[in-house]
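See below for the structure under consideration.
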Amino acid sequence: PRYYHHFLILFLIVAATATLYPQQKKRLDHNVYDLWKRIEQPQITKNGEMLLFEVNTLRKDGVLNIHDRTTGSTKLIPKGKGAKTTPNGEMVVTLVKPGFDTLKAANLKKVKKDDLPKDSLAVYFRKGDSTSYFADVKSFKLPEYSNGWMAIHFEKFKKPKEEPKP
């Protein structure tokens, strides 16, 4: 009872000052969803020397991050999805999806499904710190126990249309 008046005065002071200061936080609306980033598919190689993870947003293209713990360097592969590593961790293989804006523009133009941009394949070699790309890839497989090889399934090759001769 004796301290009741002190607590009441303190509460009124805090309540009065809280209403006097404007709110500094930005309001959440539908535009901020595009800015939120998610970390997806985190992986560690079997030898523990490389970390892989995708940083994705809702409507933008993501980035595959390959962090080498021995050197401290990070390799970024734009639009990389579904990365896999060889058992010894010397090679990282990932599909590179067509850009979100590219697919959206093609869909708005009502491009046929067969004519849409296809996936590519990125192969990162740790020893040379180099990346090779292959176009028009459907899928790929890596061996579970062996190193140094992979299987790539390419899209069907489409012959260019010949122009009719007059």
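Values below: all heavy atoms of this structure, side chains included; hydrogens, waters and symmetry mates excluded. Note that the structure is predicted; figures quoted are calculated from it, not measured.
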Please answer whether the main-chain N or O of [Y] pairs with a side-chain N or O of [X] as donor and acceptor at a distance below 3.5 Å.
| X | Y | result |
| --- | --- | --- |
| Asp68 | Ser73 | no |
| Arg69 | Gly48 | yes |
| Thr94 | Ala122 | no |
| Asp61 | Phe100 | yes |

Could I get the full list of salt bridge (Lys or Arg N to Asp or Glu O under 4.0 Å) partners for Glu155, not counting sequence neighbours? none
Sequence neighbours excluded, which residues qualify as salt bridge (Lys or Arg N to Asp or Glu O under 4.0 Å) partners of Lys79? none
Determine whether [X] and [Y] fall in the same hydrophobic cluster, where Ile, Leu, Val, Met, Phe, Trp and Tyr are linked whenever their side-chain heavy atoms lie under 4.5 Å apart.
| X | Y | value |
| --- | --- | --- |
| Val137 | Met150 | yes |
| Met91 | Leu121 | yes |
| Leu64 | Tyr133 | yes |
| Val92 | Ile77 | yes |
| Leu142 | Phe125 | yes |

To the nearest 0.5 angstrom, please state how far the [atom1] atom of [X] sits from the [atom2] atom of [Y].
| X | Y | atom1 | atom2 | value |
| --- | --- | --- | --- | --- |
| Asn88 | Asn47 | CG | CG | 7.5 Å |
| Glu40 | Gln43 | CD | CD | 12.5 Å |
| Tyr124 | Lys75 | OH | NZ | 6.5 Å |
| Phe140 | Phe134 | CZ | CZ | 12.0 Å |
| His67 | Thr74 | NE2 | OG1 | 5.0 Å |

Would you please say whether a donor-acceptor pair under 3.5 Å links the side chains of Arg126 and Thr71? no
Give a yes-or-no answer on whether the side chains of Asn56 and Glu54 include a donor-acceptor pair shorter than 3.5 Å. yes
Counting neighbours of [atom1] on [X] that are heavy atoms of other residues, nucleotides or ligands and sit closer than 6.0 Å, is the number greater than 12?
| X | atom1 | result |
| --- | --- | --- |
| Leu51 | CG | yes |
| Lys104 | NZ | no |
| Lys118 | NZ | yes |

Provide the closest heavy-atom pair for Lys46 versus Pro87 in the form atom of the first, atom of the second, distance. CB-O, 3.9 Å
Nearest heavy-atom neighbours spanning Leu52 and Ala83: CD1-CB, 4.4 Å
Residue set satisfying side-chain hydrogen bond (donor to acceptor under 3.5 Å, both in side chains) with Trp149, at least two apart, ordered chain then number -> Ser146
Applying side chain to side chain contact (heavy atoms under 4.5 Å, CB included) to Pro98 and not counting sequence neighbours gives Leu103, Pro117, Asp119
Linked hydrophobic residues, Val63 as query - side chain contacts closer than 4.5 Å: Leu76
In Val123, Ile152, Thr86, Thr85, the residue satisfying side-chain contact (heavy atoms from CB on, under 4.5 Å) with Val93 is Val123
Would you say Arg38 and Val55 make side-chain contact, with heavy atoms under 4.5 Å? no
Residue pairs passing the ring-ring contact (aromatic ring centres under 6.0 Å, His included) test with at least one member in residues 36-59, sequence neighbours excluded, are Tyr33-Trp36
